[in-house]
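Let me begin by presenting the structure, written as structure tokens, before commenting on it.
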Amino acid sequence: MTEALAETAVATDSVYARLGGASAIRALVDRFYALMDELPEAYTVRRLHPESLVGSADSLFKYLSGWFGGPPLYIRERGHPRLRMRHAPYAIGVVERDEWMLCMRQALAEQVADPALREAVERAFTGMAEHMVNTGNAARYPR
């Protein structure tokens, strides 16, 4: 099934559809990784990534497509995401979590006009980012 055909089966009330589909998710991911390269405050988390962010951006786009209720591109290609397992080789602490969230929060602020949708997506990302912490005593974000 092509990506275009897969999108026709997406529920109109899914986060994927509400964000604007593949092109909007691609724009969010591209902006997120651009910020990771641009912001000195993201230096620590940027160092965990390869020099070229192309592969990372492709993986995140495919993951978010399915996570947001769109075509399960990542699962089709690589199977279950197993996020903690796939991130286990990297030391992820509160600094890396906070820097990742800094970039994602800014990308969301720039790319998602609907405040309620932006807030809901940010909460979901916060939970995901907390789940990735695998070093030290993680200070939890206030709920």
Side-chain angles (χ1 to χ4, degrees), residues 3-4 6-143:
E3 193 171 320
E7 284 209 48
T8 61
V10 172
T12 58
D13 62 345
S14 67
V15 172
Y16 180 88
R18 292 176 60 206
L19 285 171
S23 61
I25 292 171
R26 176 65 69 192
L28 176 66
V29 167
D30 289 348
R31 184 60 184 138
F32 166 76
Y33 280 113
L35 288 163
M36 194 178 285
D37 261 346
E38 294 168 11
L39 297 176
E41 302 93 331
Y43 176 76
T44 304
V45 75
R46 176 60 180 93
R47 286 189 353 217
L48 293 179
H49 293 77
E51 185 175 333
S52 170
L53 293 170
V54 172
S56 298
D58 186 59
S59 290
L60 183 58
F61 166 75
K62 289 174 180 174
Y63 173 75
L64 292 181
S65 176
W67 194 53
F68 287 149
L73 305 174
Y74 189 95
I75 290 172
R76 286 182 193 155
E77 186 176 292
R78 298 183 186 161
H80 190 285
R82 294 177 179 28
L83 292 180
R84 274 190 65 93
M85 181 191 78
R86 291 184 196 270
H87 288 81
Y90 309 100
I92 301 171
V94 295
V95 169
E96 292 80 7
R97 175 201 66 195
D98 291 349
E99 290 180 5
W100 194 95
M101 282 302 302
L102 171 72
C103 296
M104 187 53 74
R105 253 189 225 99
Q106 186 167 333
L108 287 167
E110 294 175 13
Q111 301 293 320
V112 182
D114 178 335
L117 178 59
R118 184 174 55 247
E119 183 180 322
V121 171
E122 184 178 321
R123 273 194 314 272
F125 276 127
T126 297
M128 178 196 300
E130 286 180 0
H131 185 65
M132 293 299 103
V133 174
N134 60 18
T135 63
N137 295 323
R140 294 300 203 205
Y141 281 111
R143 300 237 181 235

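With sequence neighbours excluded, no residue forms a salt bridge (charged side-chain N to carboxylate O under 4.0 Å, His left out) with Asp30. Among residues two or more places apart in sequence or in another chain, the side chain to side chain donor-acceptor pair (under 3.5 Å) test is passed with Tyr33 by none. Arg18 is linked by a side-chain contact (heavy atoms from CB on, under 4.5 Å) to Asp114, Leu117, counting only residues two or more places apart in sequence or in another chain. By the salt bridge (charged side-chain N to carboxylate O under 4.0 Å, His left out) test, Arg86 pairs with no residue at all, sequence neighbours left out. Applying the side-chain contact (heavy atoms from CB on, under 4.5 Å) test to Ala17 and every residue at least two apart in sequence or in another chain returns Val10, Ser14. Listed by chain and number, the residues in a side-chain contact (heavy atoms from CB on, under 4.5 Å) with Tyr43 are Arg47 (sequence neighbours excluded). By the side-chain contact (heavy atoms from CB on, under 4.5 Å) test, Gln106 is found to be paired with Arg31, Leu35, Leu39, Glu110, residues two or more places apart in sequence or in another chain being considered. Checked against salt bridge (charged side-chain N to carboxylate O under 4.0 Å, His left out), Glu51 has no partners two or more places apart in sequence or in another chain. For Thr44, the side chain to side chain donor-acceptor pair (under 3.5 Å) criterion is met by Glu99, not counting sequence neighbours. Scanning for salt bridge (charged side-chain N to carboxylate O under 4.0 Å, His left out) contacts around Glu41 gives an empty result, with sequence neighbours left out. Partners of Arg118 according to the side chain to side chain donor-acceptor pair (under 3.5 Å) rule, which considers only residues two or more places apart in sequence or in another chain, do not exist here.
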**OP:** Begin from the C-alpha positions of Arg105 and Glu122 and carry the test salt bridge (Lys or Arg N to Asp or Glu O under 4.0 Å) through to its verdict.
**Re:** CA-CA 7 Å; Arg105 253 189 225 99; Glu122 184 178 321; 2.8 Å; yes

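Here the closest non-hydrogen pair linking Ile92 and Glu96 is C-OE1, 3.9 Å. Minimum heavy-atom separation, Ser59 to Arg78: OG-NH1, 2.5 Å. Pairing each heavy atom of His87 with each of Asn134, the nearest pair is O-ND2, 3.6 Å. The nearest pair of heavy atoms linking Arg26 to Ala57 is NH1-O, 3.9 Å.
Looking only at side-chain heavy atoms (C-beta outward), Met132 and Arg97 stay at 4.5 Å or farther from each other.
A donor-acceptor contact shorter than 3.5 Å links the side chain of Tyr16 to the backbone of Ala22.
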Return a table of donor-acceptor pairs under 3.5 angstrom between the side chains of residues 61-68 and protein atoms on other chains or two or more places apart.
from, atom 1, to, atom 2, distance (Å)
Lys62, NZ, Asp58, OD2, 2.9
Lys62, NZ, Glu77, OE1, 2.5
Lys62, NZ, Glu77, OE2, 3.4
Tyr63, OH, Trp67, NE1, 3.4
Ser65, OG, Pro71, O, 2.6

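Taken from CG in Leu60 to CG in Leu53, the straight-line distance is 11.0 Å, to the nearest 0.5 Å. The line from CD of Glu38 to CZ of Arg46 is 11.5 Å long, rounded to the nearest 0.5 Å.
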